[in-house]
Amino acid sequence: MEELVQLQGFATVILVVNGLPISLELNGTGAPITAGNFVDLVERDFYDGITFHRVVLEPTPFVAQAGDPNSRDPNFPPDQLGSAGFIDPATGQERTIPLEILPQGATEPIIGQTFAEAGVTVPPVLQNQRGTIAMARTDDPNSASSQFFINLTDSDFLDGRFAVFGQVVNGVGVNSQAVVDQIAQGDRIIDAEVVDGIVATRSSQVVTDPFLLNTFVNLVNKFSLPLQFFTTRNLDADNVVTIPPEIAIQATRGVLTGGGNDLVTGSVENDVINGNQGNDTITGNVGNDYIFGGQDNDSLSGSAGNDILNGNRGNDVIFGGTNGDYIRGGQGNDNLNGNAGNDLIIGDLGTDTLTGEAGADTFLLRVDEAAGVRDPNLADRIVDLNLSQGDRLGIVGSISLSSLRFNAVSGGTSIQLANGDILGQVLNVQPGQVQTAVFIAPADDLGLTIG
């Protein structure tokens, strides 16, 4: 069982069905293997496009069941659905997990047996009550793979036999259980994303702190959900907006400010804010925020929290604030400042100024951005690479360290490719020291998908 993915603690997954969100809180404390299996499948996008092939409402509501990969095919006979599971590409075989149920008063789950088989007479910690999610299986207790069901009523006769691993939860303004109750047979899961929690399979050479990596990826996942933005009242006006907490915590895609020059202040929750068009000033406030500047020249500030700030287009000024932030300039000539915390700063396209300040910061320069750049005034500038604080310098692209040139120039070091193209300049640091801070970041690194 060591090779099976396990969830430590709790995670939140959002399913989008009929254009509406269903929030699921997964319990890795009570069912680490079962919850971990589900999270892993969500991370693989396995559930995207899969239908609820079995919905039992008569004579009384019972379950809504999904997870058969054959249901993606609209021409697959509906009466033949319910037998297939996840085929692991690494083995070419269906991956199954053992039955896992934690008895009340126990410290470890019963693995591979029903309570009756194991002689357990107490109820489980996680019971088949209305709104809980559990794994479907055949008569073999260890045959669960990808199919799950959401209980539409209390079904205590399933306890000790079917592994519950989470429950439907509601955000303010979004009644997830009401969305579940409206599911009909054939309704499709448009998207499923993990939006909170630590996923063990996520790793990155760019963002090496697992907590920060998961915080950032979860924010991006929420931003990517195919849901409507909450919009300001007049999209073309110069809006002054303070986001109330109840808007931030409901399971929507985020807040869209519109086309004017907007002044936006986030809530104390985790905000997703899209400035869209106009010269916007956006402050995230407390919480882990994803702030997207959009077009034109924006001023973005993360304030407290682990924030993602992306200027996108235009000449932007971005200030990370306290804690570790992920800062991307996007297109244009940007001024990026991480401030306190262990920040990741990437200028992207344009001539950018990168300042880390306090903390162990990671600066990134892109090989593709250097194409044809011979004028040092057109290259990115790193103001304060500080090895004593643990700063790093990542070069993104298919390249070897031996092909880089570190040349002393007035006031610091110029980093060049073998053909003379300039990747960037590091101010006030000598070539030998710069070289010791450099690592190669593969272009497909998970950390580079953020922002």
Side-chain angles (χ1 to χ4, degrees), residues 204-208 309-311 314-320 324-339 341-445 447-448 450-451:
S204 169
Q205 297 180 41
V206 172
V207 184
T208 56
L309 302 110
N310 188 334
N315 302 324
D316 306 306
V317 176
I318 303 180
F319 187 84
D325 303 306
Y326 193 111
I327 300 173
R328 299 194 77 142
Q331 299 182 26
N333 304 323
D334 307 306
N335 194 325
L336 314 176
N337 189 314
N339 196 240
N342 303 330
D343 306 303
L344 187 141
I345 308 173
I346 177 170
D348 285 319
L349 303 176
T351 303
D352 307 303
T353 300
L354 285 59
T355 305
E357 292 197 11
D361 303 307
T362 298
F363 302 94
L364 294 177
L365 300 175
R366 290 172 40 171
V367 170
D368 59 350
E369 188 188 1
V373 176
R374 299 298 177 89
D375 183 348
N377 293 317
L378 299 179
D380 289 351
R381 299 190 310 160
I382 298 173
V383 172
D384 63 339
L385 181 71
N386 192 328
L387 276 64
S388 66
Q389 291 183 352
D391 288 355
R392 303 188 303 154
L393 174 53
I395 307 298
V396 181
S398 300
I399 195 171
S400 64
L401 282 173
S402 61
S403 65
L404 297 175
R405 305 291 182 263
F406 300 87
N407 300 317
V409 296
S410 176
T413 299
S414 174
I415 305 173
Q416 294 179 270
L417 303 178
N419 65 2
D421 290 347
I422 301 175
L423 276 169
Q425 291 194 76
V426 180
L427 304 186
N428 303 316
V429 184
Q430 294 304 305
Q433 292 178 297
V434 172
Q435 190 168 0
T436 62
V438 170
F439 69 98
I440 301 300
D444 61 352
D445 189 284
L448 296 173
I450 298 168

Notebook entry, point to check: With a 4.0 Å cut-off, would you call Asp348 and Arg366 a salt bridge?
Noted result: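 Yes.
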Is the closest side-chain heavy-atom distance between [X] and [Y] below 4.5 Å?
| X | Y | answer |
| --- | --- | --- |
| Val367 | Val396 | no |
| Ile346 | Ile327 | no |
| Thr362 | Phe439 | yes |
| Ile382 | Ile345 | no |
| Ile422 | Ile415 | no |
| Val438 | Phe406 | yes |

Checklist line | With Asp384, the side-chain contact (heavy atoms from CB on, under 4.5 Å) member among Leu354, Thr355, Val429, Asn337 | finding: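 Output: one option passes, namely Thr355.
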Indicate whether any N or O donor in one side chain lies under 3.5 Å from an N or O acceptor in the other, for [X] and [Y].
| X | Y | value |
| --- | --- | --- |
| Asp421 | Asn419 | yes |
| Ser204 | Asp445 | yes |
| Asp380 | Gln425 | no |
| Gln416 | Asn407 | yes |

Return the [atom1] to [atom2] distance between [X] and [Y], rounded to the nearest 0.5 Å.
| X | Y | atom1 | atom2 | result |
| --- | --- | --- | --- | --- |
| Gln433 | Asp391 | CD | CG | 12.0 Å |
| Leu349 | Arg328 | CG | CZ | 9.5 Å |
| Leu385 | Leu427 | CG | CG | 10.0 Å |
| Gln331 | Asp352 | CD | CG | 11.0 Å |
| Ile395 | Leu365 | CD1 | CG | 4.5 Å |
| Leu378 | Arg374 | CG | CZ | 12.5 Å |

Of the non-hydrogen atoms in [X] and [Y], which two are nearest, and what is the gap between them?
| X | Y | result |
| --- | --- | --- |
| Val206 | Leu344 | CG1-CD1, 2.7 Å |
| Pro431 | Ala408 | CG-N, 3.6 Å |
| Ser414 | Val409 | CB-CG1, 3.8 Å |
| Ala379 | Gly424 | CB-CA, 3.9 Å |
| Gln389 | Gly359 | OE1-O, 3.2 Å |

Note to self: Whether Arg392 engages the ring of Phe363 as a cation-pi pair (distance to the six-membered ring centre under 6.0 angstrom, angle to the ring normal within 45°) should be assessed.
What the structure shows: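 So Arg392 doesn't make the cation-pi contact.
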Next item on the list: Please step through side-chain contact (heavy atoms from CB on, under 4.5 Å) for the pair Leu336 and Val317, ending with a clear verdict.
Entry: CA-CA 6 Å; Leu336 314 176; Val317 176; over 6 Å; no
Margin query: Under the criterion side-chain contact (heavy atoms from CB on, under 4.5 Å), I'd like the reasoning laid out for Ile318 against Asn335: C-alpha separation, chi angles, the key distance, then a yes or no.
Written below: CA-CA 6 Å; Ile318 303 180; Asn335 194 325; over 6 Å; no
Check: Just wondering, more than 12 heavy atoms not from Arg381 lying within 6.0 Å of its CZ?
Finding: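 Result for CZ/Arg381: open.
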Next item on the list: Apply the test side-chain contact (heavy atoms from CB on, under 4.5 Å) to residues Asp343 and Tyr326: give CA-CA distance (whole Å), side-chain angles for both, the deciding distance (0.1 Å), then the verdict.
Entry: CA-CA 6 Å; Asp343 306 303; Tyr326 193 111; over 6 Å; no
Note to self: Using side-chain contact (heavy atoms from CB on, under 4.5 Å), reason through Thr353 and Val383 one step at a time and then give a plain yes or no.
What the structure shows: CA-CA 7 Å; Thr353 300; Val383 172; 3.5 Å; yes
Next item on the list: Keeping the roles fixed (side chain from Asn315, backbone from Asp334), state whether a donor-acceptor pair exists under 3.5 Å.
Entry: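 Judged by distance alone, no pair lies under 3.5 Å.
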